[in-house]
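Taking it in order: structure first as structure tokens, then the write-up.
A, B, ... follow the sequence lines: proteins, then strands. Residue 1 opens every chain. No experiment lies behind these values; they were computed from the predicted model shown.
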2 protein chains.
Amino acid sequence: MATIYEVSKAAGVSLATVSRVINGNARVSERTKEKVHKAMDALGYKPNAIAQSLASNRTNSVGLLVSELHGSFFGDMMSSIESMLRDAGKHVVITAGHSEAEKEKQAIEFLISRRCDALILNAEAVSEDYLKSLLDNNIEIILINRDIESLQERCIVLDNQLGGYLATKAAIEQGHTEIAYISGPHFKEDAQQRLAGHKQALKEANISYDSELCFEGGYHESEGQEGFNVLRSANDSFTALVCANDEMASGAMTAARENGLSIPEDLSIIGFDNVLFARYLYPKLTTVDNPIAKMGEMAANWVLSNIYQQKINTEITRLFKPELVVRDSLGAVRAG
Amino acid sequence: MATIYEVSKAAGVSLATVSRVINGNARVSERTKEKVHKAMDALGYKPNAIAQSLASNRTNSVGLLVSELHGSFFGDMMSSIESMLRDAGKHVVITAGHSEAEKEKQAIEFLISRRCDALILNAEAVSEDYLKSLLDNNIEIILINRDIESLQERCIVLDNQLGGYLATKAAIEQGHTEIAYISGPHFKEDAQQRLAGHKQALKEANISYDSELCFEGGYHESEGQEGFNVLRSANDSFTALVCANDEMASGAMTAARENGLSIPEDLSIIGFDNVLFARYLYPKLTTVDNPIAKMGEMAANWVLSNIYQQKINTEITRLFKPELVVRDSLGAVRAG
DNA sequence: CTGTTAGCGCGTTCAC
DNA sequence: GTGAACGCGCTAACAG
């Protein structure tokens with residue numbers, strides 16, 4: 001692996017000059033520029049990014065923390081962030097936090113030790129104080145899906161309550177009055193907010209909330225099945241089931257079918273997130289679209305603008321509104 | 001951000017001693033070790049990985065190239081590799097190549113410039129010569145899903161032909177004789193091999209291969225729909241459809257249903273890969289399991305063993321065998 | 001066991 | 001326009 005020194009020798013110029021043509025900031029005469037380029041090609045020279053970073057105190061890389069590396073939801077997020085940043089010549093270092101505080105901390109500390117210029121965090125488990133302490137240490141962070149009052153301008157969030165509201169309201173508008181709900185884990189903010197939206201829609205329609213019609217899941221498919229079974233054995237008259245994410249909706253669909261129900265004739269099911277496979281399901285899932293890819297882009301734009309001083313052609317929005325996606329799993333309530 | 005120098009001053013020891021307690025390789029007395037730790041805590045010191053790398057010529061990071069950051073297939077692969085390597089204290093830098101030679105090269109060169117200790121590559125588009133030239137430059141690479149004769153010990157591959165064979169054979173065993181096929185793009189090795197397996201099974205059963213019953217797709221869901229429609233309009237008597245991946249199988253299912261066919265009564269459908277959503281589909285997809293997570297783990301193990309000289313508790317296997325996963329989308333051919 | 005001294009490969013002043 | 005010299009933060013001999 002050739003070094004800048006070897007290039008300078010081969011080109012018969014000084015090491016500083018080579019550095020100049022690499023970075024293209026200072027003026028270098030055309031003739032020497034050519035000589036240097038020729039030498040670089042001949043030696044197959046590639047700048048050592050590590051050394052560049054150490055010298056310039058800039059890594060041109062941004063750290064990204066997601067909960068999981070698999071799954072469509074985070075896949076969409078990673079994908080949009082990576083492509084936007086890569087177009088700008090920046091690079092992304094991805095880590096997974098697995099929704100555990102300790103692992104999230106480790107991941108963040110790894111990103112810090114790599115001296116990323118900024119961190120885009122989807123941190124679910126770590127405390128607010130910890131996040132704030134990062135800022136105190138001059139770590140540039142931007143949060144996705146987490147709302148911290150004192151860090152508002154660094155938070156990009158979805159209006160989860162609105163989402164929950166839209167889902168249940170859609171069921172109500174189809175005439176449903178007995179509506180069950182499978183929520184996410186209560187310790188997660190977004191799960192609480194989505195549930196709050198559900199209750200809000202119920203209240204607005206003068207339907208009283210019945211805790212027997214609510215099951216707490218953990219966002220996994222299996223809990224959709226389990227939830228359906230538990231709910232059904234306690235109450236067999238609900239005609240619609242709203243789920244806090246698409247995975248659980250899918251599980252519920254499977255369980256419902258195994259119990260001989262057809263969808264949406266016997267039971268309407270509504271999901272949340274609109275992940276890719278929602279449209280693969282049968283019937284195609286009616287769900288609430290979570291614009292996670294756009295939120296990722298927004299985070300990337302924030303970094304480009306605030307950290308790298310690049311001009312961007314969007315305004316920074318911090319609150320995203322979800323929308324209902326009407327497909328086939330929600331139907332009108334049956335007469336009689 | 002405190003430096004090692006500040007720590008050494010605060011602890012009243014030399015800079016080298018601090019380095020020793022950080023790396024824990026040389027012996028340091030308990031007392032000074034304590035002093036150093038106290039100083040590090042007080043200053044909130046975090047080693048600068050960039051500087052460590054430059055000095056030690058070791059980054060403790062391995063580069064990973066996948067085609068896409070989204071999608072269950074690569075998600076599983078990234079996930080297994082990351083968790084295995086992280087457990088070993090190594091870190092993963094992930095990049096996407098988008099199945100384009102130019103982008104793959106850029107991604108690889110980025111990983112090289114970051115001086116990753118090794119590269120795990122799922123390179124689809126880049127040439128064999130390019131890959132070989134990497135080795136000539138002392139870049140340690142290990143390939144997933146790519147078989148290069150002169151690099152065999154660095155290739156971890158799936159027996160795709162066997163997979164294609166198993167899929168079609170399963171259909172034949174259910175009595176099907178008119179079997180259509182939607183393949184992946186012919187320029188990809190794996191697509192060719194899967195198709196070869198299909199033909200092999202056909203031949204073994206004395207069914208002649210009919211090119212009118214074969215459609216070339218690009219591994220995307222939409223091409224499953226398109227493929228079904230094209231195949232159907234040319235021939236409406238086939239009773240089974242084998243698809244080269246699950247996405248296309250899903251698309252085909254949708255299209256078949258839109259054409260009034262029920263699955264598997266009117267048409268059996270078989271997929272390939274066994275990605276997560278295959279079991280969410282309705283009916284649940286019969287498919288060929290692609291042990292991509294295990295292959296990823298194997299690659300990680302190879303790196304741990306060959307690059308980091310760690311002892312691993314598996315033998316390195318380079319050829320993985322796929323297996324049929326029987327679910328509900330394949331049924332016996334209808335009498336009459 | 002501990003301190004001193006060179007670099008690692010490069011960016012960045014300063015002079016010329 | 002170009003070169004010499006220093007420093008980024010740390011590891012790795014080499015002495016002691």
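Of the side-chain N and O atoms in A:N23, one or more sit less than 4.0 angstrom from OP1 or OP2 of C:dG11. Residue B:S29 has a polar side-chain atom (N or O) positioned under 4.0 Å from OP1 or OP2 of C:dT2. For C:dG11, one of the phosphate oxygens OP1 or OP2 lies less than 4.0 angstrom from a side-chain nitrogen or oxygen of A:Q52. Applying the 4.0 Å criterion to OP1 and OP2 of D:dC10, one finds that B:Y45 has a side-chain N or O inside that range. At least one side-chain nitrogen or oxygen of B:T17 sits closer than 4.0 Å to the OP1 or OP2 atom of C:dG3.
Here A:T32 lies in heavy-atom contact (under 4.0 Å) with sugar-phosphate atoms only. When heavy atoms are screened at a 4.0 angstrom cut-off, B:N48 is found touching the sugar-phosphate backbone but no base atom. Among the atoms of the strands shown, only primed sugar atoms or phosphate atoms (P, OP1, OP2) are found under 4.0 Å from some heavy atom of A:V13.
Closest to the side chain of B:S19, out of D:dT11, C:dC10, C:dT12, is D:dT11. Ranking C:dT12, D:dG9, C:dC10 by closeness to the B:T3 side chain, first place goes to D:dG9. Comparing C:dT2, D:dT11, C:dG9 against the side chain of A:L54 picks out C:dG9 as the nearest.
Using modelled atom types, no side-chain atom of A:T95 and backbone atom of A:F110 make a donor-acceptor pair closer than 3.5 Å.
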Practice prompt. Go through the steps to decide whether A:L319 and A:V157 satisfy the test side chain to side chain contact (heavy atoms under 4.5 Å, CB included), and finish with yes or no.
Written response: CA-CA 5 Å; A:L319 182 64; A:V157 295; 3.7 Å; yes
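Under a cutoff of 6.0 Å and an axis angle of 45°, A:K294 and A:F320 do not form a cation-pi pair.
Side-chain atoms of A:R20 come within donor-acceptor range of the base of D:dG3, with a qualifying N/O pair under 3.5 Å.
One finds no salt bridge joining A:R318 and A:E153 here, because no Lys/Arg side-chain nitrogen approaches an Asp/Glu carboxylate oxygen to under 4.0 Å.
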